[in-house]
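Working notes, structure below.
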Amino acid sequence: MFLIRKTDVSKSFILSYAAIFSHLRRSEKNLIAKKSEVVSYKKGNLIYRQGEPSDAFYCVISGRVKMSRFQDNRETVLEFLTCGMYFGISSLLTTQTHSANAEVVNDSLILRIKKDDFDFILKKMPKLAIGLSMTLSQQIRTRDYLKGAVRSNIISVYSAVSGIGCTMYAINLAISLKRETGKKVIFVEISHSDKEMFKILNIEKANDPLNLKYSILQKDVINKFIIKNPGLDIDFLDIVHSPQTGETTQISSVLSLLTNDYQYVIVDLPLERSEVVFKALTQSDAVHVITDYDEQNLKSTRELMSDLFKNVEYPQEKIKVILNERKDSKKIAHDEIVRILDHDVFANIPVWWDAADKINESSIKVVLTQPDSEYARAIRRIARQIGGVLVGLALGSGAALGLAHIGVIKVLERENIHIDLVAGVSIGALIAALWASGKSGKEIEEIMMEYNKDKTKVFKLLFDFCFSKASIAEGKRVTKFLKRHMGDKTFYDIKLPLKVVACNLDRREKVILDSGDLVDAVRSSVAIPGIFKPVRSGDNLIIDGGIMEPVPVETLAESGIKKIIAVNVLPAPQDIQEGYKNYKYCLEKEKLDMQKRNFIFKIFYRIRLWFRRIIFHSIFDIMVNSILAMEYAMAKESCRKADVVINPIVPGTDWFEFFKTEALIKKGELEAEKALPQIRNLISQ
């Protein structure tokens, strides 16, 4: 058997994941892998100090790195670097000393390329050198360590049709970005005339809008037109222009100047295809194109994007299609929408009429007036994704032990801690899917409490015995259970983004399921080897993903999640030993009690002991417990990459004991409550 070294796996992952490397050819990645090394740092280690000469290029594989500087014995934190982010490049390319300290916040793996090797790589890969030089230039313009500023983002909101909530999306996105990131945000409205937006928002305007035709566009001039609004905590700028006059230079200047003072510039564009609009789009870091489920509107949106690609030469990956649901809209299958658009959908926004019936001062600010509405939740999730502050929840495998996940979810809901993406494997996938499909923690608890203290019902669910060489159970009853509680929902019908982890047995690789039928995905992930029949997908067999990634932390990281809460229910060896001691103690106590009983009780007791020996010492029990033991070691390593780890372990609980529902859920609640200070600290960073 060939063994893959951990360092090789780490290199392979980061060279595919990090944006600076992912576009390179395989031969180029192989060269970087050969010339680089993976260095492990412990929490609190300094990678380099401010003022030291540069000696290497660094890229974060796992963990976090704090960039800070010291002045007058005071530390100023500049930023936190996470997976895929690189550093040391400025001083390396400019031959200057480091302008900041790089300190490891928690145990981390860092890809390190020594200076001589880095110079060699750049000579061999001119396009990488150009990309890094552009990055350095951008950093010099947009991020000054000595000022503690961060790079600005210009996001334009655009649409091909009117009346589908384009402006409403833009204003709620701006408010959410401010609330979720704490950064400075300005909302820019571009129109031909003074529109009703400020009247709707009940904002008193100090003067006329900024006119691109007549204004002298300097920073001090623009500042006079910016309207401060303490109530919303974001600033506003109203711009008017005439499509007949050449004003493309002016709009570029305005947007560029705004990035000096604002981290996020949200531009609400008019429904036109003028030079000013195209120039604003060219200046933007991202374009959010709003459409809905109407087939004609989808076709119009496709024409609009074709125009963008032709007139603006805009990178397709920077265009984000936002599918805005309407009260009277007829649902179209996701595959059909993608076919019509010839472009994937970035996000689905639930109908905002659930929060308000008409647009007015209060209703347009949905994220403030109706924060618990599905519309508000979806907008806030997008804002956190843009701001790089997404929070992910990883629910691990563990069979019955995974019922503790429910308790964790109940606490997160009770404390109003928002999760942006949940990833689950095996029992974690089942709980995650129920939650993502719209059920609350309390509702999931009620579903599983049907099996509490009911061993017969549990065994009927798990063991529909079959004559198969692959398993002892067909798994049809589990599928029926999933169908009863999830119906025919697909990944596009759920309320919360979800990743389900499974394993392709033929290829021996991890499979991420995030499209198609929800029940099929979960059924694949819970197919414990030897217990449940594997799921066939084409020519491949799909089984329980726990044998590849028992706690899906890596899956969240690969999905761009920066803040990860992991729930590991797999018991440590000491937990197993404690459980075994308790089991032996109870067994001895039962024997003593039986000596005082009559003959009939003793007969039943011996039958029960015989049945217990069949279960506990069967090849299947040995196999499952062996798998869980293997998964524990993998899970422990994986959880080191998470920011918060919750371990709700109930010693002495076996993998099939779903009838201990109440105790397991309670343990999940208890351990989640203990972790609340860490969780709150994480989401506030």
Side-chain angles (χ1 to χ4, degrees), residues 153-177 187-193 195-197 200-201 238-241 243 251 255 264-312 314-330 332 337-338 340-353 358-359 363-367 375 378-379 382-383 386:
N153 282 279
I154 301 171
I155 301 170
S156 288
V157 180
Y158 198 25
S159 183
V161 291
S162 61
I164 59 172
C166 185
T167 296
M168 183 170 227
Y169 171 84
I171 190 65
N172 280 282
L173 179 63
I175 295 171
S176 294
L177 279 168
F187 179 88
V188 179
E189 183 175 14
I190 301 177
S191 62
H192 304 316
S193 60
K195 292 169 67 177
E196 296 294 313
M197 170 55 59
I200 292 174
L201 290 170
D238 193 11
I239 298 176
V240 295
H241 83 101
I251 191 61
L255 295 178
Y264 296 103
V265 180
I266 307 302
V267 186
D268 184 21
L269 292 171
L271 304 181
E272 63 183 50
R273 303 181 193 182
S274 64
E275 287 298 317
V276 167
V277 168
F278 287 144
K279 196 64 177 179
L281 292 170
T282 303
Q283 290 290 101
S284 302
D285 296 292
V287 178
H288 289 197
V289 177
I290 312 299
T291 187
D292 63 8
Y293 285 91
D294 183 86
E295 187 172 349
Q296 187 55 50
N297 290 345
L298 290 169
K299 291 178 179 178
S300 298
T301 301
R302 177 177 177 173
E303 292 174 7
L304 172 69
M305 290 191 293
S306 296
D307 249 15
L308 293 185
F309 300 144
K310 182 173 64 177
N311 291 283
V312 184
Y314 206 83
Q316 290 201 27
E317 66 272 11
K318 289 192 175 184
I319 291 183
K320 312 294 185 184
V321 175
I322 311 295
L323 197 60
N324 211 0
E325 188 176 342
R326 298 175 65 183
K327 200 169 187 178
D328 55 348
S329 60
K330 295 180 180 179
I332 303 176
I337 291 172
V338 173
I340 296 172
L341 290 173
D342 195 23
H343 198 285
D344 205 358
V345 175
F346 175 69
N348 295 341
I349 307 297
V351 57
W352 64 267
W353 279 274
K358 62 180 181 179
I359 296 179
S363 69
I364 197 170
K365 299 171 287 188
V366 179
V367 293
Y375 182 92
I379 298 292
I382 293 172
I386 294 169

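This structure is a prediction, so every number in the text was calculated from the model and none was measured. Atoms considered below: every heavy atom in the structure, side chains included; atoms not considered: hydrogens, waters and symmetry mates.
- For the atom pair Ile155 CD1 and Lys320 NZ, the distance stands at 10.0 Å (nearest 0.5 Å).
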TODO: For Val267 and Ser284, run side chain to side chain contact (heavy atoms under 4.5 Å, CB included): C-alpha distance rounded to whole Å, both residues' side-chain angles, the deciding distance at 0.1 Å, then the answer.
DONE: CA-CA 9 Å; Val267 186; Ser284 302; 5.5 Å; no

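- A distance of 9.0 Å separates CD1 in Ile164 from CG in Leu323, rounded to the nearest 0.5 Å.
- For the side chain to side chain donor-acceptor pair (under 3.5 Å) criterion with Asp292, the lone passing option out of Thr301, Asn297, Asn324 is Asn297.
- No side-chain donor-acceptor contact under 3.5 Å links Ser156 to the backbone of Val287.
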- [ ] I would like to know whether Phe187 and Tyr264 meet side chain to side chain contact (heavy atoms under 4.5 Å, CB included); could you show each step before the answer?
- [x] CA-CA 9 Å; Phe187 179 88; Tyr264 296 103; over 6 Å; no

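- In this structure, Arg302 and Leu341 approach most closely via the heavy-atom pair CG-O, 3.6 Å.
- Scanning both residues, Ile319 and His343, for their nearest heavy atoms gives O-CE1, 3.2 Å.
- Taking the side chain as every heavy atom from C-beta outward, Ile266 and Leu177 approach each other to under 4.5 Å.
- To the nearest 0.5 Å, the span separating OG1 on Thr291 from CD1 on Ile322 amounts to 11.0 Å.
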TODO: Evaluate the side chain to side chain contact (heavy atoms under 4.5 Å, CB included) criterion for residues Val367 and Tyr375: first the C-alpha distance (whole Å), next the side-chain angles of each, then the deciding distance (0.1 Å), finally the verdict.
DONE: CA-CA 8 Å; Val367 293; Tyr375 182 92; 5.6 Å; no

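- When all heavy atoms of Val157 and Ala170 are compared, the closest pair comes out as CG2-CB, 3.8 Å.
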TODO: For side chain to side chain contact (heavy atoms under 4.5 Å, CB included), just list the numbers for Ile382 and Ile349, CA-CA rounded to whole Å, side-chain angles, deciding distance to a tenth of an Å, and then say yes or no.
DONE: CA-CA 10 Å; Ile382 293 172; Ile349 307 297; 3.6 Å; yes

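- Atom CE of Met168 and atom NZ of Lys365 lie 11.0 Å apart (nearest 0.5 Å).
- Side-chain contact between Tyr293 and Leu298 is absent, with no heavy atoms from C-beta onward closer than 4.5 Å.
- The closest side-chain heavy-atom distance from Leu281 to Leu269 is below 4.5 Å.
- Taking CD1 of Ile171 as the reference point, atom CD of Glu189 lies at 9.0 Å (rounded to 0.5 Å).
- Across every non-hydrogen atom of Ile190 and Pro270, the tightest pair is O-CD, 3.3 Å.
- Here the closest heavy-atom approach between residue Val161 and residue Ser300 is recorded as CG1-CB, 4.3 Å.
- In this structure, the side chains of Lys299 and Ile340 come closer than 4.5 Å at one or more pairs of heavy atoms.
- Side-chain atoms of Met305 and Tyr158, non-hydrogen and from C-beta on, never get closer than 4.5 Å to each other.
- The shortest side-chain heavy-atom distance between Val321 and Ile337 does not fall under the 4.5 Å cut-off.
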